[in-house]
Each structure stands twice: as structure tokens, then as C-alpha cells.
Amino acid sequence: MGLPAPKHKMTLEDFLAWEAEQPERWEFFNGEAFMMAGGSDVHNAISLNTAFALRQPLRGTRCNVFMSDVRLRLAESDDLFYPDVFVTCSDADRARRQVKEDPTLIAEVLSPSTEAYDRGDKFAAYRRFAGLKTVLFLSQDRAHVECFTRGDDGRWVLSEASGETARLALPAFDFELALADLYRDLPDAEASDPAPVPPPSTPRPPPAA
């Protein structure tokens, strides 16, 4: 998930030099920087649960599960993303330390402030990863997951699962996820912060050369 900086086109080299001086994490899409908004405790818990649920059946395989500390690069356009969770089974990615490029599955936990971006431009960019087979969108406010699967013909097919007793099939991996595992032990829905926390100020990217 991400929040856009003021409109300002940059090259990837400009962005990387600028981002290295920022305290926040930023994504880079279509020549613009998008700040990664701070996630809620519920968002974090669902992301962790999803990573663990995927890691268990993938143990002993060549696939690895990563969370939002690892960047994903769309090489054809130099876009950079921090998905909430992703899986890569690529030997080339196993040799890369900081940035991965060959995802097989991407999972995003939806937030009200970034859902339109995740479902829109970001999802369109994700579909350009040649080896990507599965994209998951997980709701925060209820146990509900949308699974988009790329078929052999290149078309994306949607399947959904709702309720904590439901299970979601992942055809690309030949196993299922139990929604009870994805939504277990979530923070109390009635809890709230004692006072609103203002968002960090958004630094402007460097001026164009």
C-alpha cells in the first residue's frame, strides 16, 4: 500500500538516490514516488498470518516467502514495490539480496486509504510480471479473500472465500489456505488509539535537472 508524493517525474537513479535520504519507505511507480503508509495492527497481523500460512506448505521447496521489507522490481519499467507478502520460486531471485524480480504470488491486505491504488494501477503493474500466477486481496474488516489466478491462456480468473471456516484453493501451488489461519488472533476490533496520530509530512522529491 502507498500514498502518492506530490506529482514529480523521476528516473530510477534519481529516486534511489533520493529515497536513501528519507526516513520512510517509498515505492516507485510510473516515474513517481509513493510513500508507504503506516499499517494498522490488524493489517500487520493479517500480513504475518498470511506469510506463515504460505511458508508452512512451501517448506522444503525452492519457493521463499517475503514480507514488506523486501522490494519487488518490475524490470521492464523499473517500478519498485513493497508488497505486503509475496512468494518467489526463481533461482535468480535466490541469488538477489535486496530486490526480487520474479514473483509467483503477491498478497495485499487492503486498507481504505490505498485500496483503489492496490486494485487499480498497482494490480495492473503486477499483472505484467511474466511468471506471476496468483494475486490475493485480503480484507481487513472481515474474513474475506479474493484470489486472482492466471490461467495457461493468460486470462485472470477470480475466486473468493468468505468466513473463518472457509478455505481458499491456490491452483498455482496445489494447496489450500484456511481463512481461520489468515485471520487468527487479530487485535481487538474495539480498541482505538487515545488520540489521532497525524501522518508524517511528505518530503518533496528533488527538483528536475
Please determine whether residues Leu16 and Met35 belong to a single hydrophobic cluster, defined as Ile, Leu, Val, Met, Phe, Trp and Tyr linked transitively by side-chain heavy-atom distances below 4.5 Å.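 As far as the 4.5 Å side-chain criterion goes, Met35 and Leu16 are connected within one cluster.
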Is there a path from Val145 to Val157 through hydrophobic residues (I, L, V, M, F, W, Y) whose side chains come within less than 4.5 Å of each other?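 No, Val145 and Val157 fall in different hydrophobic clusters.
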What is the distance from atom [atom1] of [X] to atom [atom2] of [Y], rounded to the nearest 0.5 Å?
{"X": "Lys9", "Y": "Asn30", "atom1": "NZ", "atom2": "CG", "answer": "3.5 Å"}
{"X": "Leu54", "Y": "Met67", "atom1": "CG", "atom2": "CE", "answer": "10.5 Å"}
{"X": "Leu110", "Y": "Gln140", "atom1": "CG", "atom2": "CD", "answer": "8.0 Å"}
{"X": "Cys147", "Y": "Leu105", "atom1": "SG", "atom2": "CG", "answer": "7.5 Å"}
{"X": "Thr114", "Y": "Arg119", "atom1": "OG1", "atom2": "CZ", "answer": "10.5 Å"}
{"X": "Glu13", "Y": "Asp78", "atom1": "CD", "atom2": "CG", "answer": "9.0 Å"}

A side-chain contact here means heavy atoms from C-beta on lying under 4.5 Å apart; do [X] and [Y] qualify?
{"X": "Phe29", "Y": "Tyr117", "result": "yes"}
{"X": "Val65", "Y": "Thr50", "result": "no"}
{"X": "Arg94", "Y": "Asn64", "result": "yes"}
{"X": "Val135", "Y": "Glu108", "result": "no"}
{"X": "Phe123", "Y": "Phe148", "result": "yes"}
{"X": "Pro83", "Y": "Tyr126", "result": "yes"}
{"X": "Leu12", "Y": "Leu80", "result": "yes"}
{"X": "Glu176", "Y": "Pro57", "result": "no"}

Can you check salt bridge (Lys or Arg N to Asp or Glu O under 4.0 Å) on Arg71 and Glu19, steps first, answer last? CA-CA 13 Å; Arg71 278 192 297 203; Glu19 187 204 26; 2.7 Å; yes
Locate the shortest heavy-atom distance separating [X] from [Y]; write the atom from each residue and the value.
{"X": "Asp84", "Y": "His43", "answer": "OD1-CE1, 3.1 Å"}
{"X": "Arg167", "Y": "Ala178", "answer": "NH1-CB, 3.5 Å"}
{"X": "Gln98", "Y": "Val70", "answer": "O-CG1, 4.0 Å"}
{"X": "Ala53", "Y": "Asp181", "answer": "CB-CB, 4.5 Å"}
{"X": "Asp93", "Y": "Pro103", "answer": "OD2-N, 4.4 Å"}
{"X": "Ala161", "Y": "Leu179", "answer": "O-CD2, 3.5 Å"}

Evaluate Leu136 against Glu146 for side-chain contact (heavy atoms from CB on, under 4.5 Å), listing each step before the verdict. CA-CA 6 Å; Leu136 303 178; Glu146 299 172 29; over 6 Å; no
Start with the C-alpha distance between Thr134 and Thr104, add both sets of side-chain angles, then the distance that settles side-chain contact (heavy atoms from CB on, under 4.5 Å), and finish with yes or no. CA-CA 6 Å; Thr134 304; Thr104 303; 6.0 Å; no
Are Phe28 and Phe81, when compared by the centres of their aromatic rings, separated by less than 6.0 Å?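 No.
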Look at the side chain of [X] and the backbone N and O of [Y], then say whether any donor-acceptor pair between them is shorter than 3.5 Å.
{"X": "Asn49", "Y": "Leu182", "answer": "yes"}
{"X": "Tyr183", "Y": "His144", "answer": "yes"}
{"X": "Arg25", "Y": "Ser68", "answer": "yes"}
{"X": "Gln22", "Y": "Trp18", "answer": "yes"}
{"X": "Arg155", "Y": "Asp152", "answer": "no"}
{"X": "Ser139", "Y": "Asp141", "answer": "yes"}

Does Arg127 have any salt bridge (Lys or Arg N to Asp or Glu O under 4.0 Å) partners at least two apart in sequence or in another chain, and if so, which?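 None.
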Can you name the salt bridge (Lys or Arg N to Asp or Glu O under 4.0 Å) partners of Asp121, sequence neighbours left out?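 Residues passing salt bridge (Lys or Arg N to Asp or Glu O under 4.0 Å) with Asp121: none at all.
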Do Ser47 and Asn44 have side-chain N/O donor and acceptor atoms under 3.5 Å apart?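 There is no such pair (donor and acceptor under 3.5 Å, judged by atom type) between the side chains of Ser47 and Asn44.
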Ion pair check, [X] and [Y], cut-off under 4.0 Å:
{"X": "Glu164", "Y": "Arg142", "value": "no"}
{"X": "Glu115", "Y": "Lys122", "value": "no"}
{"X": "Asp79", "Y": "Arg73", "value": "no"}

As a quick check of understanding, evaluate salt bridge (Lys or Arg N to Asp or Glu O under 4.0 Å) for Arg96 and Asp102, giving each step before the final call. CA-CA 11 Å; Arg96 300 178 179 115; Asp102 302 311; 3.2 Å; yes
Could you walk me through whether Glu101 and Leu72 pass the side-chain contact (heavy atoms from CB on, under 4.5 Å) check? CA-CA 6 Å; Glu101 297 184 4; Leu72 195 57; 5.8 Å; no
Might you work through the side-chain contact (heavy atoms from CB on, under 4.5 Å) test for Glu32 and Met10, ending with a clear yes or no? CA-CA 6 Å; Glu32 297 178 18; Met10 287 186 282; over 6 Å; no
Heavy atoms of other groups near Arg55 CZ, more than 12 under 6.0 Å: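 No, because the 6.0 Å sphere around CZ of Arg55 holds 12 heavy atoms or fewer from other groups.
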Would you indicate whether Phe175, at its atom CZ, is surrounded by more than 12 heavy atoms from other residues, nucleotides or ligands within a distance under 6.0 Å?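 Correct, the count exceeds 12.
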